[in-house]
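Reviewing the structure listed below.
All chains are named by letter (A, B, ...) in the order of the sequence lines, taking the proteins before the strands, and each is independently numbered beginning at 1.
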Amino acid sequence: MKILVCISHVPDTTSKINFAEDDTKFDTNGVQFVINPNDEFGLTRAMWFKEKQGATVTVVNVGGSETEPTLRKALAIGADEAIRVNAEATDGFFVAKQLARVAEEGSYDLIIAGRESIDYNGGMVPGMLASLTGANFVNTCIGLEVEGNEATATREIDGGKETVKCTLPVIIGGQKGLVEESDLRIPNMRGIMMARKKQLTVLEPAEAQNQTAAVKFEKPAPKGEVKLVSPDNLDELIRLLHDEAKVI
Amino acid sequence: MPILIYTESEEGKFKKTAFEVASYARSLAGQTGDTVTAVAINAKNNSELGRYGVDKVLNVSDDKLSGFNARAYADVIGQAAEKEGAKTVIISSGANDKYLAPVLAVKLNAGYAPNVVALPESMEPFRVKRTAFSNKAFNITEISTDVKLIGLSKNSFGLKEAEGAAAEEAFSPSLDDGDFAVKTTATDKTTGKVTIADAEIVVSGGRGLKGPENWGMIEELADVLGAATACSKPVSDMGWRPHSEHVGQTGKPVASNLYIAVGISGAIQHLAGINASKVKVVINSDPEAPFFKAADYGVVGNAFEVVPALIEKLKEFKAQNS
């Protein structure tokens with residue numbers, strides 16, 4: 001089985017979010033970048049397939065050279081090879097177009113991407129990629145098995161979960177649950193050394209138009225002080241929620 | 001020219017988000033002079049949409065569409081948009097909408113802005129405000145395509161009733177077998193409980209509750225309020241509660257009217273998941289818990305004393321106000 005894992009290079013979940021250049025750009029100063037958490041669950045599941053069922057795992061990212069440490073980390077975790085499409089990931093459709101070309105040229109059986117990246121939260125790349133390539137698509141995936149040419153996936157729905165089946169090739173929008181958080185891997189020294197020797201191919205981007213642009217950013221208005229209520233006066237809390245906030 | 005909206009329903013009944021999307025489209029149409037056409041799939045009472053400003057309902061009735069299917073639903077909405085010549089298509093930002101939206105966007109060659117929280121700031125160029133960075137910021141997104149797809153964030157715009165009645169028209173899109181290539185084989189859904197996605201109020205517990213055996217009071221508080229229950233990441237990691245209740249950056253987002261956090265310190269990843277909630281109440285014994293900085297109301301106290309007392313007070317309040 002040939003597996004492609006799409007990796008986003010995103011600010012660490014604890015990052016403070018600031019903007020620069022008159023609030024038109026994300027300020028990367030002091031920000032540590034990581035593999036998008038939803039992608040990391042997918043990468044770990046791909047490693048499971050590689051080890052248990054036999055598979056090759058390629059990771060791909062659309063981004064500038066600054067994203068290579070993130071791809072190298074994926075190689076150190078155990079991916080076999082990496083591809084970087086050398087373009088700024090400014091629009092979900094543009095990214096999906098780039099990934100579609102990589103997917104079609106590599107004839108992958110299984111493509112795993114995170115349900116959304118934690119920076120722009122577009123959640124559009126896996127679905128667009130599926131539409132552009134014609135592959136089946138399962139989103140918010142929290143479990144995945146592959147037998148022969150058939151995938152069985154569990155996906156989260158409002159108030160529960162459902163099981164779906166489809167044939168390969170399939171594109172998965174993955175998230176926590178695809179593997180347990182305790183199963184996520186930290187690269188060891190051997191993995192890091194081996195990753196240096198693995199192939200990282202840089203492709204120039206395919207022709208594609210952006211459909212959207214992030215033109216300006218704003219931070220939420222500063223919040224007022226919390227109103228503290230004594231634990232001995234919970235009637236006051238109920239009064240505030242009823243009369244002031246009007247939520248009960 | 002009509003603005004097309006997809007009005008989500010479950011078991012024939014419109015979800016609140018359907019009326020939110022209708023309200024948003026009506027307000028936008030008021031600015032642009034457009035009309036509002038809704039596409040409703042297997043919904044029973046389409047006349048309800050007229051109360052929120054819908055002019056026309058395309059009524060799709062097809063057993064093959066009785067369960068949600070992203071590709072088939074996107075096909076229906078896409079064909080409706082093409083039939084109506086709609087240049088603006090508006091859906092909600094719930095889990096199913098986010099599943100079908102990118103498929104629909106490719107079909108319509110439409111630029112897509114999800115998690116939108118306000119009417120467009122400008123029409124030429126088309127700019128709309130949406131959340132980004134897990135609700136830690138907003139982003140003004142410019143859509144440059146002819147057809148625009150907007151995903152309205154839940155609870156961000158509110159319901160606006162309008163005068164009028166919606167005309168109804170039967171609509172039978174042609175569905176392809178390929179739409180049904182992903183087959184649902186089993187569904188495991190908690191019935192009779194409020195889901196986090198639909199809840200107006202969410203009651204959430206954290207590590208401060210010390211163990212899963214103490215969740216009874218969280219459930220009771222939720223029962224009194226008609227709320228959904230949720231939890232912080234460590235709680236789901238330890239297996240005290242299912243993953244589906246984990247609220248936060250890598251869990252579920254919450255955009256409820258009221259979020260009550262009990263024994264949750266307020267890690268930045270948790271706050272990112274609940275920022276879109278309107279009113280936040282924190283109950284925590286640690287006055288230095290970071291959550292107090294993000295909360296509207298707080299009680300510094302032992303959850304095992306405060307929550308049972310609050311349940312009793314709320315029961316009295318309900319009895320007096322029912």
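- Between A:Ser131 atom OG and B:Leu104 atom CG the span is 9.0 Å, to the nearest 0.5 Å.
- For the pair B:Ser236/A:Lys176, a side-chain contact is recorded, criterion being any heavy-atom separation below 4.5 Å from C-beta on.
- Heavy-atom distances place the side chain of B:Leu225, and not its backbone, under 4.5 Å from chain A.
- By the 4.5 Å heavy-atom criterion applied to side chains, B:Val279 and A:Lys246 are not counted as neighbours.
- For the pair B:Lys193 (side chain) and A:Gly159 (backbone), a donor-acceptor distance under 3.5 Å is absent.
- Between A:Tyr120 and B:Phe133, the angle of the ring planes lies from 30° to 60°, which puts this pair in the tilted group.
- In this structure, chain A has heavy atoms under 4.5 Å from both the backbone and the side chain of B:Lys183.
- From A:Glu225, atom CD reaches atom NZ of B:Lys293 across 9.0 Å, with rounding to the nearest 0.5 Å.
- Note that CG of A:Asn121 and CG of B:Asn135 are 7.0 Å apart. Values are rounded to the nearest 0.5 Å.
- Separating the CG atom in A:Asn233 from the NZ atom in B:Lys313 is a distance of 8.0 Å, to the nearest 0.5 Å.
- At least one donor-acceptor pair closer than 3.5 Å links the side chain of B:Asn139 to the backbone N or O of A:Lys216.
- No side-chain heavy atom of B:Leu314 sits less than 4.5 Å from a side-chain heavy atom of A:Leu234.
- For chain A, the nearby parts of B:Tyr297 are the backbone and the side chain; heavy atoms of each come within less than 4.5 Å.
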Query raised in the report: For A:Phe137 and B:Tyr99, what are the C-alpha separation, side-chain angles and deciding distance, and is it a ring-ring contact (aromatic ring centres under 6.0 Å, His included)?
Result: CA-CA 9 Å; A:Phe137 172 43; B:Tyr99 190 175; 5.0 Å; yes

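- Heavy atoms closer than 4.5 Å to chain A are found in the side chain of B:Asn115, but not in its backbone.
- The backbone N or O of A:Glu181 lies less than 3.5 Å from no partner atom in the side chain of B:Asp237, so there is not a single donor-acceptor pair.
- Rounded to the nearest 0.5 Å, atoms OG1 (B:Thr250) and CG (A:Asn36) are 10.0 Å apart.
- B:Pro102 has its side chain out of reach of A:Val125: every pair of non-hydrogen atoms, C-beta onward, lies at least 4.5 Å apart.
- A donor-acceptor pair is defined here as one N or O able to donate and one able to accept, closer than 3.5 Å; such a pair exists between the side chain of B:Ser144 and the backbone of A:Gln211.
- Within the 4.5 Å cutoff, the side chain of B:Ser244 has no heavy atoms near those of the A:Lys161 side chain.
- By the 4.5 Å heavy-atom criterion applied to side chains, A:Asp158 and B:Lys15 are counted as neighbours.
- We find the OG1-NZ distance between A:Thr13 and B:Lys233 to be 8.0 Å, quoted to the nearest 0.5 Å.
- Side chains of B:Leu258 and A:Ile248 form a contact here, defined as non-hydrogen atoms less than 4.5 Å apart.
- B:Ile283 does not touch chain A: none of its heavy atoms, backbone or side chain, sits under 4.5 Å away.
- Between the side chain of B:Asp188 and the main chain of A:Glu162, no donor-acceptor pair closer than 3.5 Å is present.
- Side chains of A:Val247 and B:Lys278 form no contact here, defined as non-hydrogen atoms less than 4.5 Å apart.
- B:Phe126 does not touch chain A: none of its heavy atoms, backbone or side chain, sits under 4.5 Å away.
- Between the side chain of B:Lys98 and the main chain of A:Thr140, no donor-acceptor pair closer than 3.5 Å is present.
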